[in-house]
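Hydrogens, waters and symmetry mates play no part in the numbers below; they use all other heavy atoms, side chains included. Labels below follow one simple rule: chain letters A, B, ... track the order of the sequence lines, proteins then strands, and each chain is numbered from 1.
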Protein chains: 2
Amino acid sequence: MARVTREEYLDTAESLFAERGFYGVSIAAIADQLGLTKQALLHHFGSKEKLYGEVLRRISERFETLSDNPRGAVMSSEETARTFFLNLHATASEYPDQSRLLMRELLDNNQRAASAGKWYLKPFLENLIAMMQALPAWKASSDAQALAAGYQLLGAINYYSISEPTLSGIFGSEAYEELDAGFPAQLRGLIDAVIATGAPD
Amino acid sequence: MARVTREEYLDTAESLFAERGFYGVSIAAIADQLGLTKQALLHHFGSKEKLYGEVLRRISERFETLSDNPRGAVMSSEETARTFFLNLHATASEYPDQSRLLMRELLDNNQRAASAGKWYLKPFLENLIAMMQALPAWKASSDAQALAAGYQLLGAINYYSISEPTLSGIFGSEAYEELDAGFPAQLRGLIDAVIATGAPD
DNA sequence: CTCGAAACTTACCGCTTGGTAAGTATCTAT
DNA sequence: ATAGATACTTACCAAGCGGTAAGTTTCGAG
C-alpha cells in the first residue's frame, strides 16, 4: 500500500475514532467515508483493533517530537518549560482530533485490553517530570510533586481543547472566539505561576 | 417502581456508562449486573437513550448543589472560590464515575443528539464566571477572561481525576498514592495563584 | 506479454444489538 | 375476592457488527 494512501486511511480513521470513540465507529463506516468496502480496510489492517492501534501509534510518534527543542536554540529551563506547554496548547488547537482521541484513551485505558496508552505516555510523562525538576523552584521536589504540577497544566490545556463544541454551544461562537483568543495569555500566566512558585512545603 | 429500586438501577447504569461509554455498554449488560432481563430495563426506561438521559439528569442535579455554600457561613470571595474548587476536587475523587461520565459527555456532546450536556453545564459555568469576577483581582475582567481562568482550574481538577488508572498503571500504585496525597496541596497553590494574579493585560 | 502479488469486491457467517409483542406473576386498593 | 396496575419473562425480529473465504481486478517487474 502506498504510504500516502495509508496515511489517508489512518487520517479518516483517526477523525472518526476521535468523534465517536472505538465502539461508536464501525469499520464499515470508516470504509464508507473512504469510498471502499469494509473488507478492503480489513485487508490492509487485519482487524479493527489493529487499525485503531496504528492510529494510536502514529499519534504517539507525533507526541515524541513535541518536547524537542524547536530550533536547537539554547533556552533556560523556564523558557523550555514555557515553550513546551504553549506548544502543547498550539498542537491541541491545531489537531483537535488528537486531543479527543487521547482523552478517550485515558478513559478507556483501564478496561480495553489492547490499549497502547501506557507505553507511549510513560516517556512523555517522565520527560515532563524531568522538565519540571530542571526548574530552579522545583529542583528539590519529588517526582510525585513535579508530576502533580505538570499534570495540572496538562489538564488545564487538554480539558479546554476538547470543550470547544460544548463551550461554543453554550455561549455562542462569537463569545467562544473571544474566549479562545484570550486563552493563551491566560495560560501563560498560569504556567509562569507554576514555574515560579515551586512545590508546597 | 420504588424510588430506591430506581436509584439502584441508575447507579448500576451510571457506573457502566462511565466505564465503557454509551456505545460500549448494552442494556443487556446493565440488566445482567442487576439480575434482570434487558426487557425489564426497557420496561422501566423506555429505551437506552432515555435511560442514559436519566443518568445524566441525576448527575446534573448533584452538580447544582455543588456551588452552594456548605454551612451558610459568611465567606470572603477568595474563600468561596477556594472552597468551591477544593470541593470539586473532593467530589471528583469520591465519585470517579461521575467525572468520567461528564468527560465522555464533553467528548460526545457535539455529535450525539439527545445530549443533555449543554443545559446542565450552562448554569454551572455562569456561576463559575460570577464567582471569578467576585474576586478583587478579577473584578475588571471580562466574562471570557473569567471563564478562561476558571476553566483552567476545572481542567486541572477533572483531567487529573480521570487519570488514576493510567497513572497508577504507569508508575505503580504506591507511587500513585504519593502523587495523590500531594495533589490537593499542589492544587491549592495553583488556585491561590489564579485567585491572586488576576487577568493579564 | 506474462506472471505474481497487491488491492480490492461479493458473498457469507455467527453473534450481538436495540426494540416489539404478548404473555405471566405479583402486589395493592377496593 | 377481585380487578387493575405494576413488574416482570419468554419469544422473536430486523439490522448491524467484526471477521472469513473465495474470487476478481489492477498493476508493476522481468
Using atom names, set out every protein N or O paired with an N or O of nucleotides 4-7 of chain D below 3.5 Å, distance rounded to 0.1 Å.
residue	atom	partner	partner atom	Å
D/dA7	OP1	B/M1	N	2.4
D/dA7	OP2	B/M1	N	3.4

Kindly write out the residues that satisfy side-chain contact (heavy atoms from CB on, under 4.5 Å) with [X], not counting sequence neighbours, or none if the list is empty.
| X | answer |
| --- | --- |
| B/S47 | B/E49, B/K50 |
| A/P136 | A/S77, A/E78 |
| A/R62 | A/E14, A/R58, A/I59, A/Q98 |

Sequence neighbours left out, cut at 3.5 Å: what donor-acceptor pairs do the side chains of residues 155-165 of chain A make with other protein atoms?
residue	atom	partner	partner atom	Å
A/N158	ND2	A/L154	O	3.4
A/N158	ND2	B/Y159	OH	3.2
A/Y159	OH	B/N158	ND2	3.1
A/Y160	OH	A/D180	OD1	2.6
A/S161	OG	A/S99	OG	3.4
A/S161	OG	A/N158	O	3.0
A/S163	OG	A/Y159	O	2.7
A/S163	OG	B/Y151	OH	2.6
A/E164	OE2	A/S168	OG	3.2

Does A/E61 have any salt bridge (Lys or Arg N to Asp or Glu O under 4.0 Å) partners at least two apart in sequence or in another chain, and if so, which? A/R57

Return the minimal non-hydrogen interatomic distance between B/Q186 and A/G198, and the atom names on each side. NE2-O, 4.4 Å

Under 4.0 angstrom between A/S26 side-chain N/O and D/dC17 OP1 or OP2: yes

Base, backbone or nothing for each nucleotide of nucleotides 25-30 of chain D, written B, S, -, heavy atoms under 4.0 angstrom, 5' to 3'? ------

For each nucleotide in nucleotides 19-27 of chain C, reading 5' to 3', give B when a protein heavy atom comes within less than 4.0 Å of its base, S when such contact involves only the sugar-phosphate, and - otherwise. BB-------

How many Å lie between [atom1] on [X] and [atom2] on [N], as a whole number?
| X | N | atom1 | atom2 | answer |
| --- | --- | --- | --- | --- |
| A/L36 | C/dA6 | CG | P | 18 Å |
| A/L51 | D/dG19 | CG | C1' | 14 Å |
| A/L41 | C/dT10 | CG | P | 15 Å |
| A/Y52 | D/dG18 | OH | C1' | 17 Å |
| B/L34 | D/dT9 | CG | C1' | 16 Å |

Residue pairs meeting salt bridge (charged side-chain N to carboxylate O under 4.0 Å, His left out), one or both in residues 123-143 of chain A, sequence neighbours left out, come to none

Qualifying salt bridge (charged side-chain N to carboxylate O under 4.0 Å, His left out) pairs with a residue from residues 79-88 of chain B, counting only residues at least two apart or across chains: B/R82-B/D192

Pairing of B/D108 and A/R104 as salt bridge, 4.0 angstrom limit: yes

Under 3.5 Å, N/O pairs linking protein and nucleotides 28-30 of chain C:
none

Considering only heavy atoms from C-beta outward, does the side chain of A/T80 approach that of A/F85 to under 4.5 Å? no

Are the side chains of A/W138 and A/V194 in touch, meaning some heavy atoms are under 4.5 Å apart? yes

Is B/K48 close enough and on-axis enough to B/F22, meaning under 6.0 Å and within 45°, for cation-pi? yes

Give every residue pair that meets the side chain to side chain donor-acceptor pair (under 3.5 Å) criterion with at least one member in residues 24-39 of chain A, sequence neighbours excluded. none

